[in-house]
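Written below as structure tokens is the structure these notes are about.
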Amino acid sequence: QVQLVESGGGLVQAGGSLRLSCTASGRTSSSYGRGWGWFRQAPGKEREFVAAIWRDGSTNYASSVRDRFTIFRDDAQNTVYLQMNNLKVEDTAVYYCAVARALSLASKFFDSWGEGTQVTVSS
């Protein structure tokens with residue numbers, strides 16, 4: 001069973017940057033899935049897709065973060081990153097990573113969710 005742990009969250013002023021990390025342990029080759037995704041959930045809102053990276057290295061981004069966030073991975077370290085630049089107050093949320101089991105951005109096709117890391121952006 002794959003276990004994911006997110007880190008790197010914190011408090012930052014609007015316009016600043018953070019880099020989130022998601023490290024996997026207990027992974028087998030078959031448990032890697034089709035890729036990795038980042039999601040976020042703000043207070044009082046539903047969990048929403050942020051970014052994904054697939055086995056072939058291609059990526060997808062939500063329109064709200066495109067051109068500001070970048071997803072990338074280090075396979076040797078079993079780690080996926082989310083570089084967040086030009087942060088906005090609206091980016092405040094708990095950020096989660098997960099494994100993709102299908103070629104879809106819907107959260108129901110992801111599993112092995114981490115417990116999340118808090119990102120707070122102040123004005």
Considering all heavy atoms, the nearest [X]-[Y] contact:
X: L18; Y: G8; result: CD2-O, 3.9 Å
X: A98; Y: F110; result: CB-CB, 3.8 Å
X: T70; Y: Y61; result: CA-OH, 3.3 Å
X: V50; Y: L82; result: CG1-CD2, 4.2 Å
X: A42; Y: A93; result: N-CB, 3.8 Å
X: W54; Y: S104; result: CH2-O, 3.6 Å

Audit row: R68, D91, side chain to side chain contact (heavy atoms under 4.5 Å, CB included) steps and yes/no: CA-CA 11 Å; R68 297 190 299 120; D91 295 319; 2.8 Å; yes
In Å and rounded to the nearest 0.5 Å, what is the [atom1] to [atom2] distance from [X] to [Y]?
X: N78; Y: T23; atom1: CG; atom2: OG1; value: 8.0 Å
X: L103; Y: R55; atom1: CG; atom2: CZ; value: 9.5 Å
X: Q3; Y: E115; atom1: CD; atom2: CD; value: 9.5 Å
X: S17; Y: M84; atom1: OG; atom2: CE; value: 8.5 Å
X: I53; Y: W38; atom1: CD1; atom2: CH2; value: 12.0 Å
X: R73; Y: C97; atom1: CZ; atom2: SG; value: 13.5 Å

4.5 Å side-chain heavy-atom contact, T117 and V94: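 Not touching, per the 4.5 Å side-chain cut-off.
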Answer with yes or no whether the hydrophobic clustering places L105 together with W113; edges join I, L, V, M, F, W, Y residues whose side-chain heavy atoms lie under 4.5 Å apart.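 Shared cluster, yes.
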N85 vs L87, side chain to side chain contact (heavy atoms under 4.5 Å, CB included): CA-CA, chis, key distance, verdict: CA-CA 5 Å; N85 297 326; L87 283 161; over 6 Å; no
How far apart are the C-alpha atoms of K88 and N86, what are their side-chain angles, what is the distance that settles it, and do they pass the side chain to side chain contact (heavy atoms under 4.5 Å, CB included) test? CA-CA 7 Å; K88 303 177 179 180; N86 301 316; over 6 Å; no
Which residues share a salt bridge (Lys or Arg N to Asp or Glu O under 4.0 Å) with E48, sequence neighbours left out: R40
Test of understanding: with salt bridge (Lys or Arg N to Asp or Glu O under 4.0 Å), list the residues that count as partners of R47, not counting sequence neighbours.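 Partners of R47 under the salt bridge (Lys or Arg N to Asp or Glu O under 4.0 Å) test: none.
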Mind checking what makes ring-ring contact (aromatic ring centres under 6.0 Å, His included) contact with F49, not counting sequence neighbours? F39
Residue pairs passing the ring-ring contact (aromatic ring centres under 6.0 Å, His included) test where at least one lies in residues 65-108, sequence neighbours excluded: F72-Y81
Do T79 and D74 get their side chains close enough for a donor-acceptor pair, meaning under 3.5 Å? no
Which residues satisfy the side-chain hydrogen bond (donor to acceptor under 3.5 Å, both in side chains) test with S58, sequence neighbours excluded? D56
Show me the pairs that pass side chain to side chain donor-acceptor pair (under 3.5 Å) and involve residues 6-16, at least two apart or across chains.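 Side chain to side chain donor-acceptor pair (under 3.5 Å) check on residues 6-16 returns no pairs.
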Evaluate the criterion side chain to side chain contact (heavy atoms under 4.5 Å, CB included) for residue pair T120 and V12; output intermediate values, then yes/no. CA-CA 6 Å; T120 303; V12 64; over 6 Å; no
